Amino acid sequence: MRQSKLFIKTRRETPSDAETKSHKLLIRGGYVKQITSGVYTYLPLGWKIVKKIINIIREEMDAIGGQEILMPSLTPASLWEESGRWEGFGDDMFRLTDRKGRRYALAPTHEEVISEIARTFVRSYKDLPQIWYQIQTKFRDEPRPRGGILRVREFIMKDSYSLDASWDGLDESYALHREAYKRIFSRCGLKFLVVKASTGVMGGKESEEFMVLSEAGEDKLAYCDNCKWAANVEVAPVVDRGERIELKYENSEMVFTPNVKTVEEVCAFLGIEPKYLVKSLIYITDEEPVMVLLRGDHEVNETKLASILKNPRMATYDEVLDLLGVEPGFVGPVGVKIRKIADNSVKYMKGFVTGANKKDHHLIGVSLDEIEDVEFYDIRSVSEGDMCPNCGESLSIRNAIEVGHIFKLGTRYSESMGVYFTDREGDQRPVIMGSYGIGPGRIMASAIELYGTENSMVWPRSISPFDVHIIDIAMDGDEIYEMLQNAGFDILWDERQESPGVKFNDADLLGIPLRVIVGKHWKEGKVEVQDLWKGESRILNKGNLINYLKENS
RNA sequence: CGGGGCGUAGCGCAGCUUGGUUAGCGCGCCUGCCUUGGGAGCAGGAGGUCCCCGGUUCAAAUCCGGGCGCCCCGACCA
């Protein structure tokens, strides 16, 4: 392709609202254009990359027996009401009404539609297993889109769904996907990790995420530099080290702490560190209100809480006042009758400070035996320096981009939506399902986060928009262009009337990893070839060019 | 949803505090000349609902009120 004909507009200046590396490069290189918050157009260059990524995904999905389908984005409310996710998705779902007043959702994911298809066509164990997939646009009304293309409200996703007759079958389908995903991300040139994750609104038994470590990532991973063990902090278990935390008080007593509410304020007021505090959080559940006790320097993990309590949510200010007669900030466990669950770390605390359940007062020197009926669980998030559950070394917390997520759904949708098959014995049994997602746009952004800067990029060969970039400084590259095209390369030929500086800077933005420069050596019939991945550059006779490129691509 | 910032030419910004010619600058764009190994030079030119609505005023990009949009941090979420 002649670059003068290619519709890309690179920019000299980075737009002021771009923050992450990938966002800046994507805009500066003319790969994408934002239309509104969290909604982007892929311009020719960006789209070419996404198409390459999608092709890799397709090949690997087909290789595990996946069959491609295309489901609609416009989906009736009734389907979502059956599964309970019309409410479950809440404000994250784009909803609309047609002229007759019927309600629809723009699908944020497709378990419900798959279930609808499966329940009409899957009748017998002989129809199973199945893997169906699609590459299609998803809509999620994110409260806050960010990072350019990293978190958006409309995005392409490859989603696949496995249907099995047995749990063993699900394990196999899941394993097939797990391996296919590893091949996909490797082929796209990413460095990634597979980590245990939370199932969230998808529901189901267990899930794993495919993560690319990056500062720009929004997920947090507990990561062990020593043994490489990693898990999403939402589910990473805390190893109970039995760390004793003790303040020397003879007896507990009440102290006057006027208007001192937060952990920081209490610490500053009393001149102690947060770890000597027990903070008390009130949660409302489907069954009862619960007091959650944590060390002052720890953070509650709501994913873990949700595995112990039914639908926990933090109580509002008024609810706390109502329940305990004291405002949040002075709440404490002593003498309180409601159910109390504490993090394991609280077991080893003595002489601690906590709220007195009286306005402007705290208790100091409290010990556990003053608190009735406490249950202990792992309910806090791991933090920097906690112990690796695998090797015992210290963990660090790293940001990561979620590029894929695989779920063992089980019967969550087949039971609620009536997806049953007849087994060998003639009995009706629910189909066992799995669901598996990949974000091609995030793969593209991740590659930039890994290999780019705000003015330059080197694309992995497999997803590069072109194979070779001819930078024609001599303005005489026709022969080379034709030669390489005839040899089967996908070429971008910069034959524009521009100064060398412009051409090289644009080339840096485009990131095509092989460059042929027709320039000052051309009068001797030589060109310069640069391999950006190897960091190599050499001057070759034009006759040797094709061989060199074939050997190096 | 809480906190912060921004909205003036395609892009990046100044002007606004203290209202007053024809609203500026850089980049980009168009024409011509020139230049060709790292965003060149000279000359000429086009391009604006100053986010929107209302108010104050002889006069509003500028002051006041309301709204909308976008970005960042947090909450939330795959």
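Quick caveat, the model's predicted, so the values are computed rather than measured. Here is the naming used below: chain letters follow the sequence lines, and residue numbers restart at 1 for every chain.
Here B:G37 sits opposite no nucleotide as a Watson-Crick or G-U wobble pair (both hydrogen-bonding atom distances under 3.5 Å). In this structure B:U17 sits in no base pair that meets the Watson-Crick or G-U test at under 3.5 Å. With a cut-off of 3.5 Å on both pairing distances, B:A59 has no Watson-Crick or G-U wobble partner at all. Pairing for B:C68 goes to B:G7, judged as Watson-Crick or G-U wobble with the two contacts each under 3.5 Å. B:G44 is paired with B:C30 under the Watson-Crick or G-U wobble criterion, all donor-acceptor distances under 3.5 Å.
The nucleotide whose nearest atom lies closest to any side-chain atom of A:Arg12 is, among B:C73, B:A40, B:G69, B:A40. The side chain of A:Pro143 sits closest to B:A75 out of B:A78, B:A75, B:C70. With distances taken from any side-chain atom of A:Thr36 to the nucleotides B:G39, B:U36, B:C70, the minimum falls on B:C70. The listed nucleotides are B:G39, B:G37, B:C72; the one nearest the side chain of A:Arg146 is B:C72. Checking B:C73, B:A78, B:G37 against the side-chain heavy atoms of A:Lys520 singles out B:G37 as nearest.
Among the protein residues, A:Val518 comes within range of no part of the nucleic acid, since none of its heavy atoms lies under 4.0 Å from any strand. Contact annotation for A:Ile406: no contact, since no heavy-atom pair falls under 4.0 Å across all strands. A:Glu19 comes within 4.0 angstrom of sugar-phosphate atoms only, judged by non-hydrogen atoms across all strands, and of no base. Across all strands shown, A:Asp219 has no heavy atoms under 4.0 Å from either base or sugar-phosphate atoms. At a threshold of 4.0 angstrom between heavy atoms, the contacts of A:Arg28 include nucleobase atoms, whether or not backbone atoms are also involved. A:Ile517 comes within 4.0 angstrom of a nucleotide base, judged by non-hydrogen atoms across all strands. Note on A:Phe155: a base of the nucleic acid sits closer than 4.0 angstrom, heavy atoms only. Within the 4.0 angstrom heavy-atom criterion, base atoms lie near A:His521. Nucleic acid contact for A:Gly404: none, since no nucleic acid atom lies under 4.0 Å from a heavy atom of the residue. Using a 4.0 Å heavy-atom criterion, one finds that A:Gly519 contacts the bases of the nucleic acid, with or without backbone contacts as well.
A:Glu302 has its CD atom 11 Å from the P atom of B:A75, to the nearest Å. One atom, CD of A:Gln497, and another, P of B:A40, lie 14 Å apart when rounded to the nearest Å. Counting to the nearest Å, the C1' atom of B:G38 and the CG atom of A:Leu510 are 15 Å from each other. The distance from atom CZ of A:Arg144 to atom C1' of B:G2 is 12 Å, rounded to the nearest whole Å. The separation between A:Phe504 atom CZ and B:G39 atom C1' is 12 Å, rounded to whole Å.
At least one donor-acceptor pair closer than 3.5 Å links the side chain of A:Glu449 to the backbone N or O of A:Ser22. Proximity of a side-chain donor or acceptor of A:Asn232 to a complementary backbone N or O of A:Val195 within less than 3.5 Å is not detected.
The same atom, P, is picked in B:G19 and in B:C1; the two are 37 Å apart, to the nearest Å. Rounded to a whole angstrom, the distance from the P atom of B:U62 to that of B:C16 is 12 Å. With both ends at atom P, the span from B:C6 to B:C13 equals 12 Å, rounded to whole Å. Going from the P atom of B:C64 to that of B:A9 covers 22 Å, rounded to whole Å. Annotation: B:G3 and B:C76 have their C1' atoms spaced 16 Å apart (nearest Å). B:G65 and B:A60: their C1' atoms are spaced 15 Å apart (whole Å). Here the separation of B:G44 from B:C70, taken at their C1' atoms, is 37 Å to the nearest Å. Here, B:G48 and B:C25 have their C1' atoms 15 Å apart, quoted to the whole Å.
Around CD of A:Glu215, the count of heavy atoms belonging to other residues, nucleotides or ligands within 6.0 Å does not exceed 12. For A:Asp286, the CG atom counts as densely surrounded, since its 6.0 Å shell holds more than 12 non-hydrogen atoms of other residues, nucleotides or ligands. A:Lys138 NZ: more than 12 foreign heavy atoms inside a 6.0 Å radius. Counting non-hydrogen atoms of other residues, nucleotides and ligands closer than 6.0 Å to NZ of A:Lys310 gives a total of 12 or fewer.
Side chains of A:His177 and A:Ser162: no donor on one and acceptor on the other come within 3.5 Å.
Applying the 4.0 Å criterion to OP1 and OP2 of B:C71, one finds that A:Ser37 has a side-chain N or O inside that range. Between A:Gln34 and B:C71, a side-chain N or O to OP1/OP2 separation shorter than 4.0 Å is present.
For A:Phe407 and B:A78, the ring-to-base geometry does not satisfy the stacking test (centroid distance below 5.5 Å, interplanar angle below 30°).
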Please encode protein proximity along nucleotides 3-13 of chain B as a string of B, S and -, counting only heavy-atom distances under 4.0 Å. --------BSS

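Note that OH of A:Tyr181 is 12.5 Å distant from CD of A:Glu209, once rounded to the nearest 0.5 Å. The CG atom of A:Leu163 lies 9.0 Å from the OG atom of A:Ser414; values are rounded to the nearest 0.5 Å.
Residues passing the salt bridge (charged side-chain N to carboxylate O under 4.0 Å, His left out) test with A:Glu82, sequence neighbours excluded: A:Arg119.
A donor-acceptor contact under 3.5 Å links the side chain of A:Glu528 to the base of B:G37.
Taking the six-membered ring where the residue is Trp, A:Tyr42 and A:Trp47 present tilted rings, their angle falling between 30° and 60°.
For the pair A:Arg140 and A:Ala474, nearest-nucleotide mapping onto RNA chain B gives the more 5' position to A:Ala474.
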